[in-house]
2 protein chains.
Amino acid sequence: MNSVCSPSAPKGRPREFDIDEALGQALLVFWRNGYEAASMTELTSAMGITKPSLYAAFGNKEQLFHKALDLYEREKLAYMTSALEAPTARGVAERLLRGSLEMQMSTCDPKGCLGVISAATCGAEAEPIKAEVVKRRASSEAALVKRFAEAQAAGEFPEGMTPEALTRFLFAILQGLALQGGSGATCAELSQLVETSMAVWPTQ
Amino acid sequence: MNSVCSPSAPKGRPREFDIDEALGQALLVFWRNGYEAASMTELTSAMGITKPSLYAAFGNKEQLFHKALDLYEREKLAYMTSALEAPTARGVAERLLRGSLEMQMSTCDPKGCLGVISAATCGAEAEPIKAEVVKRRASSEAALVKRFAEAQAAGEFPEGMTPEALTRFLFAILQGLALQGGSGATCAELSQLVETSMAVWPTQ
DNA sequence: ATGCCTATATACCGACCGGTATGAATAGCG
DNA sequence: CGCTATTCATACCGGTCGGTATATAGGCAT
């Protein structure tokens with residue numbers, strides 16, 4: 001209750017690892033293996049820390065996954081929010097498709113999408129994990145619906161096309177893209193999928 | 001080397017369960033939980049048999065999954081082959097989409113697609129499982145490419161649309177459909193996705 | 001130097017995993 | 001009736017799971 005009260009006033013022994021870097025490594029393990037298949041042994045090994053350190057710093061496996069998911073959305077899904085700023089609905093779709101494609105083509109990151117992997121996983125233990133991922137996806141969808149509603153008001157849509165329908169359609173393609181990417185599809189094949197999707201995207 | 005040599009000449013104690021019915025129950029468990037999350041305990045419980053009986057009748061967990069996958073393709077994916085008989089490429093796509101939609105809407109079967117679930121699962125233990133599923137998917141894709149090539153030769157495609165591209169595109173939508181179905185999407189939402197896909201499907 | 005507090009490392013916990021050894025039960029065959 | 005062959009039920013195997021008790025090491029204030 002005194003002194004400078006600096007943000008870094010650790011009274012005890014200082015931790016010997018960078019907590020953000022460790023979280024980044026945990027994210028990679030979850031990304032490659034999914035929640036359930038990522039064992040504590042593999043997590044701690046990749047993070048370079050021991051199990052008690054992990055539990056002291058992150059709580060437990062589920063909380064660690066949540067924090068890794070936060071990091072994933074913040075760093076890897078940034079193109080999603082920026083895509084909404086495209087001038088037209090078609091531009092938004094193109095940015096989303098190309099952003100997702102670029103992610104799948106990244107040589108340093110794992111293939112597939114952490115969200116897709118986690119949503120498809122169905123173990124009883126991972127039920128709350130799946131629910132959380134689905135919930136976050138719903139908020140992303142809502143943002144896209146809102147953006148497409150603006151586009152519709154601007155007269156960009158052909159009649160009969162609702163913002164909800166196009167959002168669901170685009171998300172389905174993005175999910176298929178991530179799934180095929182995680183199944184060993186080549187860059188050319190995924191790129192072809194993006195081009196085809198843009199070719200069929202409704203114009204006026 | 002004698003007698004009627006009837007196909008049913010079991011010398012020992014006869015098995016007390018129907019092997020096909022047990023396999024059907026195993027399929028449901030794999031379908032709901034995925035390969036890795038389906039434990040032997042849950043499998044044997046659902047099949048109504050004990051572990052040694054399962055191993056005697058089916059080999060091991062992986063072989064059981066393969067047989068369940070055979071059953072799945074034979075019974076649940078029959079609409080895929082019949083869809084290829086539609087008169088036009090557009091008709092093929094529509095049959096595939098509506099067939100997949102109907103499966104997702106079935107109240108007795110689990111949601112999602114066993115193939116999608118198994119392909120997204122990424123545990124090291126399940127690597128051969130994933131490879132097998134991807135391989136079977138590739139053969140389905142090849143069949144669709146072949147059918148679309150006929151359609152292209154018949155002048156059904158607009159220029160620039162290749163059979164490979166449309167196949168990949170359609171499979172992506174089907175995968176998105178299964179994934180959203182497995183994530184709790186409503187019938188109305190999935191139906192909307194099918195309608196949108198048909199609306200954007202290229203015409204001539 | 002002495003407490004105090006926190007992080008570290010080792011070893012361990014009960015539960016469950018896939019898979020199996022073992023012996024009793026049940027059929028056909030002589 | 002044995003004899004053999006197959007299935008059944010129980011109990012068990014080593015290994016791994018997520019999670020933790022315990023004791024030591026290390027930085028701060030006094």
Side-chain angles (χ1 to χ4, degrees), chain A residues 1-23 26 29-30 33-68 121 123-129, chain B residues 1-23 26 29-30 33-68 121 123-129:
Chain A
M1 212 70 72
N2 56 358
S3 80
V4 287
C5 193
S6 76
S8 61
K11 290 185 64 177
R13 173 178 175 177
R15 84 163 32 96
E16 300 176 357
F17 64 95
D18 184 308
I19 200 167
D20 290 318
E21 185 180 343
L23 183 60
V29 175
F30 281 128
N33 299 40
Y35 176 73
E36 287 181 301
S39 71
M40 297 303 296
T41 307
E42 187 170 358
L43 283 167
T44 52
S45 169
M47 299 165 81
I49 64 179
T50 61
K51 251 190 287 190
S53 297
L54 190 155
Y55 277 85
F58 299 101
N60 60 11
K61 190 183 177 184
E62 184 169 345
Q63 294 174 39
L64 174 63
F65 179 83
H66 273 82
K67 286 166 183 165
T121 300
E125 166 199 356
E127 202 84 24
I129 297 293
Chain B
M1 212 70 71
N2 56 359
S3 78
V4 287
C5 192
S6 77
S8 60
K11 288 187 62 175
R13 174 177 175 176
R15 83 161 35 95
E16 300 176 356
F17 63 95
D18 185 307
I19 201 168
D20 290 317
E21 184 180 343
L23 183 59
V29 174
F30 281 130
N33 298 42
Y35 175 74
E36 287 181 301
S39 71
M40 296 303 296
T41 307
E42 188 171 357
L43 284 166
T44 52
S45 170
M47 300 165 80
I49 63 179
T50 61
K51 250 190 289 189
S53 296
L54 190 155
Y55 277 85
F58 299 100
N60 60 11
K61 190 184 177 183
E62 184 169 346
Q63 294 174 39
L64 174 62
F65 180 83
H66 272 81
K67 287 167 183 166
T121 299
E125 166 199 356
E127 203 83 25
I129 297 293

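Please read these numbers as outputs of a predicted model, since none were measured by experiment. Convention: sequence-line order gives letters A, B, ...; per-chain numbering from 1.
- Under 4.0 angstrom from either OP1 or OP2 of C:dT8 there lies at least one side-chain N or O belonging to A:Ser53.
- Contact between the side-chain N/O atoms of A:Lys61 and the OP1/OP2 oxygens of D:dG18 is found at a separation under 4.0 Å.
- The line from NE2 of B:His66 to CZ of B:Phe58 is 15.0 Å long, rounded to the nearest 0.5 Å.
- Atom CE of A:Met47 sits about 11.0 Å away from atom CG of A:Asp18, to the nearest 0.5 Å.
- In this structure, of C:dC5, C:dA7, C:dT10, it is C:dA7 that holds the atom nearest to the side chain of A:Arg15.
- We find the CG-NZ distance between A:Leu43 and A:Lys51 to be 10.5 Å, quoted to the nearest 0.5 Å.
- Rounded to a whole Å, the CG atom of B:Leu54 is 10 Å from the P atom of C:dG19.
- The residue among A:Tyr35 and B:Ile49 whose nearest nucleotide of DNA chain D is located toward the 5' end is B:Ile49.
- For B:Arg13 and C:dT26, a side-chain-to-base donor-acceptor distance below 3.5 Å is absent, hydrogens and geometry of angles not being considered.
- One interatomic measurement links the two molecules: OH of A:Tyr55 to P of C:dC13, which rounds to 17 Å at whole-angstrom precision.
- The distance from atom CD1 of A:Ile129 to atom P of D:dG18 is 12 Å, rounded to the nearest whole Å.
- Per the geometry, CD belonging to A:Glu16 stands 11 Å off C1' belonging to D:dG27, to the nearest Å.
- Distance, A:Phe65 CZ to D:dG18 P: 14 Å, rounded to whole Å.
- Counting any heavy atom pair closer than 4.0 Å across all strands shown, B:Ala37 reaches no nucleic acid atom.
- Spacing between atom CG of B:Leu43 and atom P of C:dG19 amounts to 11 Å, rounded to whole angstrom units.
- Nearest-nucleotide mapping onto DNA chain C: of B:Pro14 and B:Glu42, the residue sitting toward the 5' end is B:Glu42.
- In this entry the distance linking CZ of B:Phe17 with P of D:dT6 reads 15 Å, nearest Å.
- A close approach under 4.0 Å does not occur between any side-chain nitrogen or oxygen of B:Thr50 and OP1 or OP2 of D:dC8.
- Remark: A:Asn33 CG to B:Thr121 OG1 distance equals 11.5 Å, nearest 0.5 Å.
- Rounding to the nearest 0.5 angstrom, the gap separating the CE atom in A:Met40 from the CG atom in A:Leu64 is 7.0 Å.
- Between D:dG19, C:dG19, D:dT10, one nucleotide has an atom nearer to the side chain of B:Pro52 than all others, and that is D:dT10.
- Atom NZ of A:Lys51 is separated from atom P of D:dG18 by 8 Å (rounded to the nearest Å).
- Nearest-nucleotide assignment on DNA chain C puts the 5′-proximal partner with A:Gly48, out of A:Gly48 and B:Ser39.
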